[in-house]
Amino acid sequence: MSSTQQPDVLAVLDGFREARGSADDRAWAERAYYRLFRDDVRSSAAARALDQALDLVRESGEGPEELYGSADEWAEEQRARWAEEGSDVTDDSGAQLRDVPLIASVGAVVLTLLLGVVHALSGEWQVTYTIGLVTMPFTISAAALLSLWTYERLLRRRRVAVAAAGAIATLLVCAVAIALVFATGNPHPIAHASVLWFVPLLAGYAGLAWVLGKVVPDAPAATRASRRRLDDDDWTAELARVLRSRGDVTEDRVRTITEEARAHAAQAGSTLDDEFGTPGAYAQRIARDPRVRARRGIVARLALLGIWVWLLVDAGLGGESAWTIGWRSLLLLVLVVEAVRVCWRYRELLTSGRVNDR
């Protein structure tokens, strides 16, 4: 593929399968792409790197596993090379307020579908539609996105725990607002009609998403073409946000890294931007500590498990249908299995120094 043309991700993945007629080669490429994507590498950069690897596969006739080792090893080598070159290939701009209506509309499509399915499987073929129920798919999606936006904004200046508390506070405020909509609208239902009316509601949210996709502007062209130079305070704040959002660097390490960068730039008589380039590029040089990610994964899963158990105990199962009891119990089992899995990963890390990413 021409070096001046941006390769398409799916075309590159298909290229791995077609080069030698091997599904394993495509699986290798998919794994490599997933590893880069998980590390916040831009899709375009990952696709270009895979496209270059594909060229050698085609020329040599050998498989990517033989040429480059495992997909994980290749992805790690790519990240190390980009870090050494000072190339900022990360996609870490974070959540943007202007995107909330559009993404919330897409989320509303999925939630509306789930609402309809849940009512149908519960045997509730007649539904009382209120303003709260009709708007709930959108408002819940918007609340989650606003919570995420708050979290990422606070990460620039505050510890992860403070940012998480701010996100939870935002979510609680949104929950109160949603509850008020229900309390106001429930006495005045819009209609009592078939569950099939969720279908036009879903279509309406899909149409809203399409319209917003046409209306909501992308990032300004000037921003895409060139980046804004940051003063030292903004540079360190952005570096801290990127490192914290990765989830594999402790708060003490973040503080040490930013202080060392400032000291180095001061000693060189230069600005942080001139000395190190973009915060994203500099962050790639920082080694990842999988133990930190594993510990936080345990906390997150146990918190979800605890919340769900509390909700089950609070709601009780008396008088519920067999289907309701079944799906609640299934979700509980999934959460328990997931909690055990991440705990096992952490144990594996402590005993062998490695973490199984599967």
Side-chain angles (χ1 to χ4, degrees), residues 31-43 45-46 49 70-95 147-148 150-168 235-261 276-304 338-358:
R31 173 67 182 179
Y33 179 80
Y34 161 75
R35 283 301 305 269
L36 293 177
F37 178 81
R38 195 190 67 175
D39 290 337
D40 295 324
V41 173
R42 286 196 302 272
S43 178
S70 71
D72 293 351
E73 292 171 342
W74 177 85
E76 189 64 29
E77 290 173 2
Q78 287 299 309
R79 288 182 49 254
R81 180 173 64 81
W82 285 323
E84 184 178 351
E85 295 172 351
S87 302
D88 186 2
V89 297
T90 55
D91 184 11
D92 51 26
S93 57
S147 178
L148 175 63
T150 301
Y151 176 77
E152 293 187 344
R153 293 289 295 178
L154 289 175
L155 279 182
R156 290 175 58 87
R157 306 288 182 182
R158 299 288 184 266
R159 300 170 65 94
V160 171
V162 175
I168 292 173
W235 194 96
T236 52
E238 180 62 13
L239 175 62
R241 183 193 70 80
V242 173
L243 292 174
R244 287 167 179 150
S245 64
R246 277 182 11 184
D248 52 19
V249 182
T250 64
E251 185 61 32
D252 289 342
R253 182 68 176 137
V254 170
R255 184 167 56 253
T256 299
I257 290 168
T258 54
E259 290 174 353
E260 288 177 350
F276 300 114
T278 67
Y282 186 75
Q284 291 185 73
R285 308 181 192 179
I286 308 304
R288 298 169 183 266
D289 187 348
R291 292 172 300 180
V292 178
R293 184 189 289 270
R295 284 197 300 268
R296 291 175 177 175
I298 291 173
V299 172
R301 268 68 164 199
L302 291 179
L304 285 174
E338 179 65 10
V340 171
R341 185 184 72 84
V342 294
C343 288
W344 184 264
R345 285 181 59 197
Y346 187 59
R347 176 185 177 278
E348 182 184 52
L349 174 64
L350 294 180
T351 56
S352 67
R354 297 184 62 184
V355 174
N356 185 350
D357 287 323
R358 292 188 296 273

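One-based numbering along the sequence shown. It should be emphasised that the depicted structure is a prediction, and the values quoted were computed from it without experimental measurement.
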Scanning both residues in full, the closest heavy-atom pair of R246 with A287 reads NH2-O, 3.7 Å
Minimal heavy-atom distance between W235 and G277, with the atoms involved, is NE1-O, 2.8 Å
* **Note, V242 side chain near Y282 side chain (heavy atom, < 4.5 Å)** => no
Here the pair of heavy atoms bringing G297 nearest to V342 is O-CG2, 4.2 Å
Scanning both residues in full, the closest heavy-atom pair of A163 with L155 reads CB-CD2, 3.8 Å
Rounded to the nearest 0.5 Å, the CG atom of L302 sits from the CD atom of E338 at a distance of 10.5 Å
A283 and L243 have their tightest heavy-atom pair at CB-CD2, 3.9 Å
pair R244-L154: side-chain heavy atoms closer than 4.5 Å: no
* Do R341 and R301 have side-chain heavy atoms sitting under 4.5 Å apart? -> yes
Hits for side chain to side chain contact (heavy atoms under 4.5 Å, CB included) against R255, two or more places apart or cross-chain, chain-then-number order -> R159, E251, D252, E259
*asked:* For the residue pair Y151 / S245, report whether a side-chain donor-acceptor contact shorter than 3.5 Å exists.
replied: no
Item to check | Note, D72 side chain near E76 side chain (heavy atom, < 4.5 Å) | outcome: no
Of all heavy-atom pairs linking A167 and S147, the shortest is O-OG, 2.9 Å
Distance col, row L239:CG vs I257:CD1, nearest 0.5 angstrom, shows 7.0 Å
R253 side chain reached by D289 side chain, heavy atoms, under 4.5 Å
no
(Q) Is there a side-chain contact between V292 and R295 in this structure, where contact means two heavy atoms from C-beta onward sitting under 4.5 Å apart? (A) yes
Inset, instruction - Verify the neighbour count for atom CZ of R296: are there more than 12 heavy atoms of other residues, nucleotides or ligands below 6.0 Å? - result: yes
* Taking the side chain as every heavy atom from C-beta outward, state whether W82 and V41 have any atom pair closer than 4.5 Å. => yes
